[in-house]
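Please read the structure below before turning to the comments.
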Amino acid sequence: MAWRPLVLTAAACSTAVAGPCDIFGAAGTPCAAAHSVTRALYSGYTGPLYQLQRSSDNTTIDVPPLSPGGAANVAVHDQFCAGAGHVPSPPHPSGLPAIGSTVHLEPKAMPGYAFRHCYSQGYVTPTGPSGSDHLFKLVHPLSNTPYAVSFESVNYPGHYIVPMVGEPNRPGIAQSPAALDASWMVSIVPSGGFILTSLSLTHSGGGIVVSPTLNGTCAHSYSRPSSAAAMGPNTTVWNVVSDSGGGGYPSRAACVILKIYDQSGNQNHLLPATPAINNPAYDNPVNATRHAVSLGGRKVYGAYFETGMGYRAQNTAKVARGNDPETIYMVTSGTHINDECCFDYGNSENDPDNHSAFCDGCMEAVYMGSGYGGQGKGPWIGADLEAGIYGGPYVNDSFLRSDFVTAMVKGGTNGFAIKGGNASAGGLTSLFDGPRPNTYQPMHKAGAIILGVGGDNLGRSKAKAGVDGGDTTKPESLGERIPGLSVGTFYEGVMTVGYSTDAADTAVQAEIVAAGYGN
């Protein structure tokens, strides 16, 4: 449901009452994590709800609630995003892949090698299958200089290739650098390839040159050419190679929600999801202006997820681990869904790039979609426990097709429960309450938090028609690497310490309804 202006009533402007985390806390199950892009989830919360970033100048701003416990201050949001994309795009060097493409830099003298970054330092190593620190997004130059480009790290959005201090011919990466430091003039070599020259005021004239200084130890233990002789001639000439291994991502929006803050005080903030086993790049953050809705008569923005978008929090505090109990809910939508894996919010593996980290019961997240069983067209609420999504009979209840849906998964020490309801009216319905499958008891929760993706951040239908040549027999672990294919909408969600009482669940649902989603 789109936002529509309404006349505010006295009730809409009233002093904040107990929020979801106040209610859970009073019942003895405090919030371990509390995330929302629409409002504060504690009656006294005044900190930031989320952080915006715009691509035109790479700047960020935090969006707070209008008042303690209130709705997001959309005036801050709209004013900031209104400045996105107003810088005209400079002429693009001919012969390069299109702006927005994922590329790697290959020395012309060394086919099969690529420039990589390890932390902030640059190296040249074989491309190989390991890691994705050789992948960069080709973007308009931060300096807006004609016929120049900038290279943004795929692994670390907001970090760009720059000359290293004291070593102008050895690049590294830096976060939010000076515009000229991150801008490279591109000169075409008639015999093929490009020379990349820094526009930095400090390192003017310096280029990206293959030399012995571009070798060294790195945590990934890559093999490296042993000498300058092994690198051959033409050490200043580079091929800018379009890399399908990072393909499949939509273009990043001009203004995005870069971070969703944890309101609980436990610092479990959500950032673009990290690379996973079969996804070599960070996910895109959501478009900050894509989805405006009404909350208690005020305009707010939801987080509208499309292919390749997702968030994760690693190394969290107070989130359930092992067989610890917890309750997870999110307010989502039953109208923006698909059958892909997996639009989740909740507990996940802490090492998504490691096969050994995945096991039955390593996850416990609430799922919303139409991809896993059920009657009719869905959607359904399920519990993603890692190797499967489980629940009850998945009856096609009408409230699940509402614009705003409360979806809840409760993980006990010897079983789990699922509840759901219309987030704009009425109470919660019990959808399942019983034991876990045999291999999921006890649980092995790892305590990371995911939003908008599954534990391995990969779409289950990657071999469907039009992908991988339409070969539907090809395993997901083979072929082109693409991001998770799930879509969905997120407004708010929490994870508790302990298994909440039914009375607390009922009170939280009543508070969500009173907040006025869609009203």
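All values below come from the heavy atoms of this structure, side chains included, with hydrogens, waters and symmetry mates left out. Predicted model only: the values in this text are computed from it and were never measured.
- In plain terms, the two heavy atoms of P177 and Y160 that are nearest each other are CD-CD1, 3.6 Å.
- Inter-residue side-chain proximity for I257 and V37 is flagged as met; some heavy-atom pair is nearer than 4.5 Å.
- In this structure the side chain of N268 never reaches within 4.5 angstrom of the side chain of Q263, judged on heavy atoms.
- With hydrogens and angles left out, the side-chain atoms of D181 and S200 include a donor and acceptor closer than 3.5 Å.
- Legend: residues meeting side-chain contact (heavy atoms from CB on, under 4.5 Å) with K259, ordered by chain and number and at least two apart, are Q51, Y261, H269, L271.
- The side-chain heavy atoms of T489 and H336, taken from C-beta on, include a pair separated by under 4.5 Å.
- The shortest non-hydrogen separation linking A448 to R312 is CB-NH1, 4.1 Å.
- Using a 4.5 Å cut-off on side-chain heavy atoms (C-beta onward), I450 and Y311 make no contact.
- Ring geometry for F136 versus F151: interplanar angle over 60°, hence perpendicular rather than tilted (30 to 60°).
- A donor-acceptor pair is defined here as one N or O able to donate and one able to accept, closer than 3.5 Å; no such pair exists between the side chain of D339 and the backbone of G371.
- Counting only distance, with no hydrogens or angles, the side chain of S333 and the backbone of D403 share a donor-acceptor pair below 3.5 Å.
- Using a 4.0 Å cut-off between a side-chain N of Lys or Arg and a carboxylate O of Asp or Glu, E364 and K445 qualify as a salt bridge.
- Considering only heavy atoms from C-beta on, L52 stays 4.5 Å or farther from L258 through its side chain.
- Here the side chains of M185 and L196 are not in contact, with every heavy-atom distance at 4.5 Å or above.
- Y329 and E492 form a side-chain donor-acceptor contact under 3.5 Å, judged by distance and modelled atom types alone.
- Judged purely by atom type and a 3.5 angstrom limit, N73 has no side-chain atom pairing as donor or acceptor with the backbone of P64.
- At least one test fails for R290 against the ring of Y301: distance under 6.0 Å to the centre or angle within 45° of the axis.
- Classified by interplanar angle (parallel below 30°, tilted 30° to 60°, perpendicular above 60°), the ring pair W238/F115 is perpendicular.
- Checking S183 against S143 by side-chain atom types alone, a donor-acceptor pair falls below 3.5 Å.
- A34 and D262 get closest at one heavy-atom pair: N-OD1, 2.9 Å.
- There is no side-chain donor-acceptor pair under 3.5 Å between R401 and T335.
- With 3.5 Å as the limit, one finds no donor-acceptor pair spanning the side chains of Y50 and H35.
- Within the 3.5 Å criterion, the main-chain N or O of L451 finds no donor-acceptor partner in the side chain of D344.
- Donor-acceptor pairing under 3.5 Å is recorded for the side chains of N58 and Q53.
- At least one donor-acceptor pair closer than 3.5 Å links the side chain of S150 to the backbone N or O of L142.
- Looking only at atom types and distance, the side chain of R321 has a donor-acceptor partner in the side chain of T316 under 3.5 Å away.
- In terms of modelled atom types and a separation under 3.5 Å, the side chain of E106 and the main chain of N239 share no donor-acceptor contact.
- Here the options are F305, Y367, Y304, W380, the test is ring pair (Phe, Tyr, Trp, His ring centres under 6.0 Å), and the partner is F343; only F305 passes.
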